[in-house]
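Let me begin by presenting the structure, written as structure tokens, before commenting on it.
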There are 2 protein chains.
Amino acid sequence: MSSTDTPRRVPLTPAARRALAAAGRLFYERGIHAVGVDLIAAEAGVTKKTLYDRFGSKEQIVVEYLADRDERWRACLAARLDVCVSPLDSVLTVFDVSREWMDANSPRGCSMVNAHAEIDDPAHPAYTIITGQKLWMLGLFTDLVRPLAPDAAESLGRSLMLLHEGALVAFGLRIFPGALEHAREQAAALLTR
Amino acid sequence: MSSTDTPRRVPLTPAARRALAAAGRLFYERGIHAVGVDLIAAEAGVTKKTLYDRFGSKEQIVVEYLADRDERWRACLAARLDVCVSPLDSVLTVFDVSREWMDANSPRGCSMVNAHAEIDDPAHPAYTIITGQKLWMLGLFTDLVRPLAPDAAESLGRSLMLLHEGALVAFGLRIFPGALEHAREQAAALLTR
DNA sequence: CTCATTGTAGACCGATCTGTATACTCGACC
DNA sequence: GGTCGAGTATACAGATCGGTCTACAATGAG
């Protein structure tokens, strides 16, 4: 019912697309408050006027940044889940895709969790995107395990959620190597019992 | 060997103590980059000159903020673990203390994880404190389960770490109620098998 | 041809940022 | 009595912040 209730509010012209790409990289690597609009404009090869013509405010750039990552993550995950042959396969695939996603472009952990650390106000338009993705992931886990254990689906979904979130944090802080793989093993142990 | 390798670098005069208390509250609630030294000084009822006389820089205030929270957390936990009667009791107590700690003064999740989202540079003096606490927690979990399963202690310690970190994130983002309690149950199930 | 859209170039605004300086008060200690 | 540490009050500096402005160029559609 709400797979894409965070519609693109801003039409992405070529310059806007470059700006969003630069903003996304900078926001993720350095943090939202640490990156100014002048830097975004310079890195994107775009003038500040274009930035404000397209996005209207820095806050809106932040919203687009998170909405964009959310959208790409869900699409990436959905494509991989499409070819899964069983609920167990699907759950383990989530952890596989997470590991690949982290290895590829998220060495500093989950962008939603990181953004949440900088956004205190629940009324902030980005707040919905952040908690929305997490609630969606919880629902996904729960739905995936329901065929395996209809009565314990809620509980199992939450357990998988904890393992997954914990692994993302452990990966980002480099607490120990192979956090996603370890979480995957624990998920498998949890479901094959 | 390194329970307090983050010594207090700054002597805490009364005014410095007030400043650190105000800075801690503000940093945690609004984020580090979002809080200026003028605000800290005003909230603490202290002049900016006193701030810089005591701490020298905002960065040092951040370091003291994290070191202080780390110290208090470890002391709080150690006091409660002292009276535990078994390894299982100890592990479950960690989750209990975490829940109480979160309920009491950490509605926005782990301050170390949140700070990490704003500090990109591993050379930053706060980085050691952040990863230090997490490595200490991992070591604690591992040591606690060693009597229960000497051969699986490393693996079990990591599993408990994932559950615990995941619960802190889930709590901070309010993904579902009772995250710490659920993690505690999962930890119990993991160890009583 | 005209006109709206998209863009660049760059100056500018007021506010806020971290950090420093000067001048003064107060209390403790020798 | 004199000195020193800790503190207040306040002004200031230089940079950067988010955001706005004017002027102009290119492009494509009616």
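Chain identifiers are assigned alphabetically (A, B, ...) following the order of the sequence lines, protein sequences preceding nucleic acid strands; residue numbering begins at 1 within each chain. Just so it is clear, the structure is predicted and the values come from calculations on it, not from any experiment.
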Of the options dG19(D), dT8(D), dG19(C), whose atoms approach the side-chain atoms of S57(A) most closely? dG19(D)

Of all residues at least two apart in sequence or in a different chain, which pass the side-chain contact (heavy atoms from CB on, under 4.5 Å) check with [X]?
X	result
A42(A)	none
D121(A)	A123(A), H124(A)
C76(B)	V97(B), W101(B)
A170(B)	L162(A), I175(B), F176(B), A179(B)

Return the polar atom pairs (N/O with N/O) between nucleotides 26-30 of chain C and the protein under 3.5 Å, or none.
none

Can you pull the side-chain hydrogen bond (donor to acceptor under 3.5 Å, both in side chains) pairs that have at least one residue in residues 147-157 of chain B, sequence neighbours excluded?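 Found none.
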
Using atom types as modelled, flag every donor-acceptor pair under 3.5 Å from a side chain in residues 17-24 of chain A to any protein atom, sequence neighbours excluded.
{"from": "R17(A)", "atom 1": "NH2", "to": "L12(A)", "atom 2": "O", "distance (Å)": "3.1"}
{"from": "R18(A)", "atom 1": "NH1", "to": "A44(A)", "atom 2": "O", "distance (Å)": "3.2"}
{"from": "R18(A)", "atom 1": "NH1", "to": "G45(A)", "atom 2": "O", "distance (Å)": "3.2"}

Going by the side-chain contact (heavy atoms from CB on, under 4.5 Å) test, name the single residue among L163(B), T142(B), L138(B) that passes it with R158(B).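 That would be L138(B).
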
Starting from [atom2] on [N], measure out to [atom1] on [X] and report it in whole angstrom.
X	N	atom1	atom2	result
K58(B)	dT16(C)	NZ	C1'	12 Å
E59(A)	dG19(D)	CD	C1'	14 Å
R17(B)	dA6(D)	CZ	P	13 Å

Under 4.0 Å between a side-chain N or O of T13(B) and OP1 or OP2 of dG5(D)? no

Return the set of residues passing salt bridge (charged side-chain N to carboxylate O under 4.0 Å, His left out) with D53(B) (not counting sequence neighbours), or none when no residue passes.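 D53(B) satisfies salt bridge (charged side-chain N to carboxylate O under 4.0 Å, His left out) with K49(B) once adjacent residues are dropped.
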
Residues from residues 35-55 of chain B lying under 4.0 Å of DNA chain C - heavy atoms: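 The stretch gives V35(B), G36(B), V37(B), D38(B), K48(B), K49(B), Y52(B) as the residues lying under 4.0 Å from the strand, ordered by number.
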
